[in-house]
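Only one structure is covered here, and it is reproduced in the block below.
Note that the structure is predicted; figures quoted are calculated from it, not measured.
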Amino acid sequence: MARRVPKKLVLIPLAALVVAGGTLVVLDRKGVVDLPWIPGGKDTAAADPKKGKKGEVEELPVPVELARAEPRAISAYYRASSVVEADRQVELVAKTSGTVSRVNVEEGAWVHKGDILAELENEREHIQLTQTELKEADQLRELKRRQALLDQNLVTQEEFATVTSAHEQAKADRELARIRLEDTILRAPFDGQVTERKIVPGQHLNPSDPLFTLVDFDPLRVRIHLPEAVAQRVAPGDEVQLDLESVQHSVPAVVERVAPVVDPGTSTVRLTLLVKGHPEDLRVGGFVKARIVTDTRTQALSIPKLALVEEGSLRSVFVAEADSVRKVEVATGLWDETHVEVLDGLEEGSYVVSLGQGGLRTGSRIDVLNATQVGWVAPPKDSTKTAQDGKKKEKDTKGNVSVAASDAESAG
């Protein structure tokens with residue numbers, strides 16, 4: 001009868017083998033022994049050009065673009081929003097009651113001062129004017145006849161005064177009839193463009209009913225409100241840029257007037273801006289943003305705004321050094337649309353990363369894409385390796401290890 005081996009005696013050798021295998025793997029990973037059949041061993045690392053001797057992945061250079069820190073003129077702006085206003089924008093209203101008989105213009109029509117825009121039915125007013133003109137003519141003839149009689153002393157001075165008064169009354173009646181007729185005719189009070197028509201033929205009107213909106217676009221103005229401290233830095237004649245939402249370019253303007261008082265409700269000062277020229281893109285009522293220069297420095301050490309890395313209240317940049325970068329904290333000053341002034345942290349001529357800094361940290365290797373454009377001179381490819389070899393030899397010498405012996409061992 002076969003003798004059974006106890007299970008405990010079988011498990012003990014298996015456990016010992018597992019412990020021994022784990023020990024060998026740890027020693028291989030630390031480089032104490034070389035076990036090529038273990039995944040991740042020295043032979044595997046040597047076969048992968050992206051891994052070092054200890055199996056570490058070699059960091060590839062990060063493609064970036066650089067910019068040079070150099071002096072330039074930079075200005076600080078204050079921005080305020082407003083709308084475009086015409087020099088004159090009026091709503092023409094009816095002066096008398098009546099029915100519209102004719103409309104001569106439509107929206108968008110350009111008119112000159114005195115042009116007839118619309119007429120009411122005015123046959124009665126025409127007849128009344130004719131009657132008064134005839135009466136005035138009769139009174140004038142009577143006045144001339146009485147003047148001749150007076151010269152001959154055939155009428156008294158009182159009779160002549162009565163005829164003169166009647167003639168003056170006839171003239172007044174004629175003028176009043178002419179005004180009544182003119183009230184039925186709507187004329188343009190100035191040169192401009194009709195922006196809105198509110199009447200149609202046959203419509204009955206009462207006095208003060210709106211008829212048209214007429215706008216004079218020459219010139220255009222923008223009124224903005226600035227804090228008192230900012231308004232003190234602005235004077236009439238200062239240049240201002242107006243940014244439009246509908247187009248990409250700016251429209252020039254100039255400060256025409258600065259209000260002499262502060263609005264007590266808002267603690268602001270009103271500025272009136274005069275738009276230069278006749279820009280076609282600028283329309284009355286359009287929304288604009290005014291950029292007003294409050295400070296200017298002609299020789300400010302500046303870098304592109306894109307180079308800044310903002311982390312809370314801290315601002316920093318990546319400075320290129322040899323084939324790597326170093327993160328440097330900076331203090332900033334004035335800002336404009338594209339650049340920012342650097343007050344502390346950089347020197348003139350330093351190269352900073354302006355594009356691609358998202359994947360960088362101190363010591364990251366870089367591949368400069370715009371080296372020619374910015375004048376960046378890349379270091380020799382083997383300069384870093386030569387420096388590392390020198391440090392290794394120096395370390396070996398200090399550690400009392402013969403470099404020649406090491407080379408011989410490598411050859412063997």
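The minimum heavy-atom distance linking Glu341 with Ser302 is given by the pair CA-OG, 4.2 Å. Nearest heavy-atom pair across Arg297 and Leu343 is NH1-CD2, 4.0 Å. Annotation for Asp173 and Thr132: closest pair O-CG2, 3.6 Å, computed over non-hydrogen atoms. Residue Ala322 comes nearest to Trp376 through the heavy atom pair O-CZ2, 3.1 Å, listed as atom of the first residue, atom of the second, then distance. Of all heavy-atom pairs between Gln89 and Val215, the closest is CG-CG2, 3.6 Å. The minimum heavy-atom distance between Ala290 and Leu273, with the atom names listed, is CB-CD1, 4.1 Å.
Of the charged side-chain nitrogens involved, none lies within less than 4.0 Å of a carboxylate oxygen, so that Glu133 and Arg174 do not count as a salt-bridged pair.
Sparse packing is recorded around CZ of Arg361, with 12 or fewer heavy atoms of other residues, nucleotides or ligands lying under 6.0 Å away. Arg257 CZ: more than 12 foreign heavy atoms inside a 6.0 Å radius. The local environment of CD in Glu347 is sparse, with at most 12 non-hydrogen atoms from other residues, nucleotides or ligands closer than 6.0 Å. In Arg221, the CZ atom is crowded: over 12 heavy atoms of neighbouring residues, nucleotides or ligands sit closer than 6.0 Å. In Arg72, the CZ atom is crowded: over 12 heavy atoms of neighbouring residues, nucleotides or ligands sit closer than 6.0 Å. By the 6.0 Å contact criterion, NZ on Lys305 is enclosed, its count of non-hydrogen atoms from other residues, nucleotides or ligands being greater than 12.
Between the side chain of Arg291 and the main chain of Val293, no donor-acceptor pair closer than 3.5 Å is present. A donor-acceptor contact shorter than 3.5 Å links the side chain of Ser354 to the backbone of Glu65. Checking side-chain atoms of Asn104 against main-chain N and O of Ile116 turns up a donor-acceptor pair under 3.5 Å. With hydrogens and angles disregarded, a donor-acceptor distance shorter than 3.5 Å links the side chain of Glu107 to the backbone of Arg197. The backbone N or O of Ala161 lies less than 3.5 Å from no partner atom in the side chain of Ser165, so there is not a single donor-acceptor pair.
Atom CG of Leu92 sits about 13.0 Å away from atom CG of Asp209, to the nearest 0.5 Å. Put simply, CD on Gln128 and CD on Glu123 are 12.0 Å apart, with the number rounded to the nearest 0.5 Å. With values rounded to the nearest 0.5 angstrom, Leu66 atom CG is found 5.5 Å from Asn370 atom CG. The CD atom of Gln357 sits 10.5 Å away from atom NZ of Lys327, with the distance rounded to the nearest 0.5 Å. Rounding to the nearest 0.5 angstrom, the gap separating the CZ atom in Phe212 from the CD atom in Glu106 is 8.0 Å. Rounding to the nearest 0.5 Å places CG of Leu355 at 8.0 Å from CG of Leu369.
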Between Asn122 and Thr184, does the side chain to side chain donor-acceptor pair (under 3.5 Å) criterion hold? Intermediate values first, please. CA-CA 6 Å; Asn122 51 19; Thr184 65; 3.0 Å; yes
Test log, rule side chain to side chain donor-acceptor pair (under 3.5 Å), inputs Asp243 and Ser250: CA-CA 5 Å; Asp243 297 326; Ser250 298; 2.6 Å; yes
With side chain to side chain contact (heavy atoms under 4.5 Å, CB included) as the criterion, how do Glu256 and Arg223 come out once you've worked through the C-alpha distance, each side chain's angles and the decisive distance to 0.1 Å? CA-CA 10 Å; Glu256 185 180 29; Arg223 290 179 173 84; over 6 Å; no
Side chain to side chain contact (heavy atoms under 4.5 Å, CB included) between Asp191 and Asp216: does it pass, once the steps are laid out? CA-CA 7 Å; Asp191 295 351; Asp216 181 6; 5.8 Å; no
Side chain to side chain contact (heavy atoms under 4.5 Å, CB included) for Phe190 and Val90? Distances and angles first, verdict last. CA-CA 10 Å; Phe190 52 81; Val90 298; 3.7 Å; yes
Applying salt bridge (charged side-chain N to carboxylate O under 4.0 Å, His left out) to Arg187 and Glu182, what does each step give before you reach the verdict? CA-CA 9 Å; Arg187 300 180 185 272; Glu182 192 64 26; 2.4 Å; yes
Stepwise side chain to side chain contact (heavy atoms under 4.5 Å, CB included) test for Val200 and Val100: CA-CA 7 Å; Val200 294; Val100 179; over 6 Å; no
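By the 4.5 Å heavy-atom criterion applied to side chains, Leu308 and Val330 are counted as neighbours. Counting heavy atoms from C-beta on, the side chains of Val194 and Leu214 come closer than 4.5 Å. Annotation: side chain of Tyr78 is in contact with side chain of Pro227 (closest heavy-atom distance under 4.5 Å). With contacts defined as side-chain heavy-atom distances shorter than 4.5 Å, the pair Asp238/Ile292 does not qualify. Between Glu329 and Glu311 there is no side-chain heavy-atom pair separated by less than 4.5 Å. You'll find the side chain of Val353 stays beyond 4.5 Å of the side chain of Val317, heavy atoms only. For the pair Val284 and Leu220, the minimum side-chain heavy-atom distance is below 4.5 Å. Side chains of Val288 and Val251 form no contact here, defined as non-hydrogen atoms less than 4.5 Å apart.
Residue Glu136 is tested with Gln169, Lys171, Gln131, His167 for a side-chain hydrogen bond (donor to acceptor under 3.5 Å, both in side chains); the sole match is His167.
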